[in-house]
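First up is the structure itself, then whatever we jot down about it.
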Amino acid sequence: MVTEILKIDAYAPDISKIKKASQIIKEGALVAFPTETVYGLGADALNPVACAKIFQAKKRPLEDPLIVHIADKQDLFKVAREVDKITLDLIGEFWPGPLTLVLKKQEAIPDIVTGGLDTVAVRMPNYKIALSLIKEAKTPVAAPSANLFGRPSPTSAQHVLEDLDGKIDLVIDGGSANIGVESTIVDLTREPFSILRPGGIGIEELRRIIPQIEFYKKDGILSAGMYPRHYAPNAKILIVEGNGKTQVEKVKDLAREFDLRGYRFGILAKFENKDRYGDFNVKLFGPGNDAVLCAANLFSALRDFDQDQVDVIIAEGVKEEGLGAAIMDRLRRASVVSEKDV
Ligand code: TXA
Ligand code: MG
């Protein structure tokens, strides 16, 4: 299969191009498209055969369910049942946007989308191309991130092609996904309500609507029926937490040791530490006080280290507030060496 690349203006999408892409979805094939968080790999959510192709292309285990994307809040009722006031308050506040809600599913949603669960994850993305694609397809669109299973999520069409060229029908090149980490997933089917995956909306914001919400933890680990090792580049990641001088000194100690041992390594650093590591291979993700920028650059920095073929990435940790919680979650998951380590 040849993967076609279709360039579409993110701010003023050309409707004839959108129609072409949505036609592919309607025909039961796969289209990768940008959202405000990361690129998704879309298929008609009501067509089980089309959805099966997503699992095949990504090499994703069937028990890892997909997120269903809609373009109109009203369509929530076609996907989920038992929509209550809290749900409406949340979508009133955060949709369209990087918030995925887990709710009881409607009959029409095939088992392959939900991994056989009676619940469905649904969100309305805040990105023109995504919204008009879904609208034109006239069906909810199931879309996980458009990467091979376990790899860092793609924030550009180029990243999608690195993983899926020749395995999908079309990728829409609509520029860089602006948030850079995936949506926050909130489970509303079990009380107390909890955050299954930190993401684009911070816990602090969610607490305005659900004051008692917490991160869901099993054995101390954030868990969403998701896999511990995830979002991972080929290199091993070592996270150095903390900040300021102590953090920099720890990173330097590790770097010197790796250098002596002849390892190929890189340092993922905050802007303010840019000049602290001499000639070592340093990639910057953002200033420590700007989690938004750090999130936006995180996955592409990890992919860039893969291009350099480093064995180890020493990553400076960031403050776990707002998007910082999602960044640290992704770094920790990416740093798991094997599932036995957790
Ligand atoms: O920002 C995002 O959410 C992106 C863009 C493309 O929208 N999508 C995304 O999808 O990150 P994905 O497949 O990479 O992650 C979806 C996660 C899965 O790992 C799964 O565990 C969780 O959502 N999920 C889906 N359905 C669920 C359900 N019924 N119950 C609990 N978790 C669910
Ligand atoms: Mg993913």
Side-chain angles (χ1 to χ4, degrees), residues 30-43 45 51 54-55 57-71 79-81 94-106 109-127 129-131 133-134 140-155 159-160 163-164 171-172 174 177-190 193-201 216 218 222-232 295 299 323 326 329-330 333-334:
L30 305 183
V31 174
F33 62 96
T35 79
E36 81 280 33
T37 56
V38 299
Y39 272 66
L41 180 59
C51 293
I54 293 180
F55 290 89
K58 282 185 55 111
K59 302 202 172 100
R60 180 178 174 111
L62 281 173
E63 59 273 20
D64 194 3
L66 308 176
I67 296 176
V68 174
H69 296 67
I70 56 176
V79 175
R81 58 182 217 274
F94 299 111
W95 277 10
L99 176 67
T100 294
L101 300 176
V102 175
L103 296 161
K104 290 271 171 61
K105 85 174 186 81
Q106 284 288 10
I109 304 298
D111 279 343
I112 189 158
V113 171
T114 64
L117 297 171
D118 184 38
T119 58
V120 62
V122 52
R123 86 175 188 101
M124 178 176 171
N126 187 15
Y127 207 77
I129 293 175
L131 290 171
L133 176 73
I134 301 162
V141 170
S145 48
N147 48 282
L148 284 175
F149 179 69
R151 297 263 304 145
S153 293
T155 53
H159 294 163
V160 176
D163 282 14
L164 299 174
V171 51
I172 297 178
N178 33 20
I179 295 180
V181 290
E182 303 83 348
S183 60
T184 302
I185 304 180
V186 171
D187 187 350
L188 295 174
T189 64
R190 272 180 305 187
F193 301 140
S194 58
I195 297 173
L196 300 181
R197 175 178 77 181
I201 305 275
Y216 178 77
K218 203 170 145 201
L222 267 172
S223 151
M226 292 188 293
Y227 294 75
R229 180 171 166 85
H230 219 131
Y231 312 105
F299 288 131
L323 273 175
D329 173 67
R330 303 308 185 272
R333 283 178 196 276

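Just so it is clear, the structure is predicted and the values come from calculations on it, not from any experiment. Whatever order the structure lists them in is the order used to number ligands and atoms, beginning at 1.
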Return yes if some donor-acceptor pair links the side-chain N/O of Arg81 with the main-chain N/O of Lys105 below 3.5 Å, else return no. yes
N or O contact, Arg123 vs ligand 1, cut-off under 3.5 Å: yes
Atoms of ligand 1 close to Ile67 [distance to a heavy atom under 4.0 angstrom, numbered from 1]: 3 (O), 8 (N), 9 (C), 10 (O), 16 (C), 23 (O)
What I want to know is whether Thr37 and ligand 1 share at least one N or O pair that is separated by under 3.5 angstrom. yes
Would the distance check show the side chain of Gln106 and the main-chain N or O of Ala80 forming a donor-acceptor pair, the cut-off being under 3.5 Å? yes
Mark yes or no for whether Arg60, through its side chain, and Asp64, through its backbone, hold a donor-acceptor pair below 3.5 Å. yes
Mark the output for Leu66 as yes if a heavy-atom distance to ligand 1 is under 4.0 Å, and as no if none is. yes
If the condition is salt bridge (charged side-chain N to carboxylate O under 4.0 Å, His left out), which residues does Asp111 pass it with, not counting sequence neighbours? none
Only heavy atoms of Pro65, strictly under 4.0 Å: list the atoms of ligand 1 that pass. 18 (C), 20 (C), 24 (N), 25 (C), 26 (N), 27 (C), 33 (C)
At a cut-off of 2.8 Å, what protein N/O/S atoms sit near the Mg ion (ligand 2)? Ser145 OG
What atoms of ligand 1 come closer than 4.0 angstrom to any heavy atom of Ile185? 17 (C), 22 (C), 23 (O)
Give yes if a backbone or side-chain nitrogen or oxygen of Lys58 is under 3.5 Å from a nitrogen or oxygen of ligand 1, and no if not. no
If the cut-off is 4.0 Å to any non-hydrogen atom of His69, which atoms of ligand 1 fall inside it? 5 (C), 6 (C), 7 (O)
Numbered atoms of ligand 1 (with element) below 4.0 Å of Leu196, judged on heavy atoms: 31 (C), 32 (N)
Pick whichever of Ala142, Ser183, Ala121 has a heavy atom sitting closest to atom 26 (N) of ligand 1. Ala121
Please enumerate all residues that pass salt bridge (charged side-chain N to carboxylate O under 4.0 Å, His left out) together with Lys59, with sequence neighbours excluded. none
Contact with ligand 1 for Arg197, non-hydrogen, under 4.0 angstrom: yes
Which ligand 1 atoms does Gly40 reach within 4.0 Å, using its non-hydrogen atoms? 6 (C)
Taking Ser145 for the side chain and Asn147 for the main chain, is one N or O donor matched with an acceptor at less than 3.5 Å? no
Please check: side-chain N/O of Tyr216 versus main-chain N/O of Phe193, any donor-acceptor pairing under 3.5 Å? no
Can you name the ring-ring contact (aromatic ring centres under 6.0 Å, His included) partners of Phe299, sequence neighbours left out? Tyr231
Any salt bridge linking Glu182 with Arg123? Criterion: basic side-chain nitrogen under 4.0 Å from a carboxylate oxygen. no
Say whether, by atom type as modelled, one donor and one acceptor occur between the side chain of Asp163 and the main chain of Leu148 under 3.5 angstrom. yes
Residue part near ligand 1, for Lys105, under 4.0 Å between non-hydrogen atoms: neither
Could you pull out the closest heavy-atom pair between Pro144 and Ile54, with the gap in Å? CG-CG2, 3.4 Å
Looking only at heavy atoms, which two atoms of Leu323 and Gly200 are closest? And how far apart? CD2-CA, 3.5 Å
Using a 4.0 Å heavy-atom cut-off, say whether Arg60 meets ligand 1 through its side chain, its backbone, both or neither. side chain
Hey, which atoms in ligand 1 end up nearer than 4.0 Å to a heavy atom of Thr119? 28 (C), 29 (N), 30 (N)
Compute the shortest N/O to N/O distance between Thr114 and ligand 1 and return yes if it is under 3.5 Å, no if not. no
Indicate whether any N or O donor in one side chain lies under 3.5 Å from an N or O acceptor in the other, for Arg197 and Ser183. yes
For residues Pro152 and Ala232, report the shortest heavy-atom separation together with the two atoms involved. CD-O, 3.1 Å
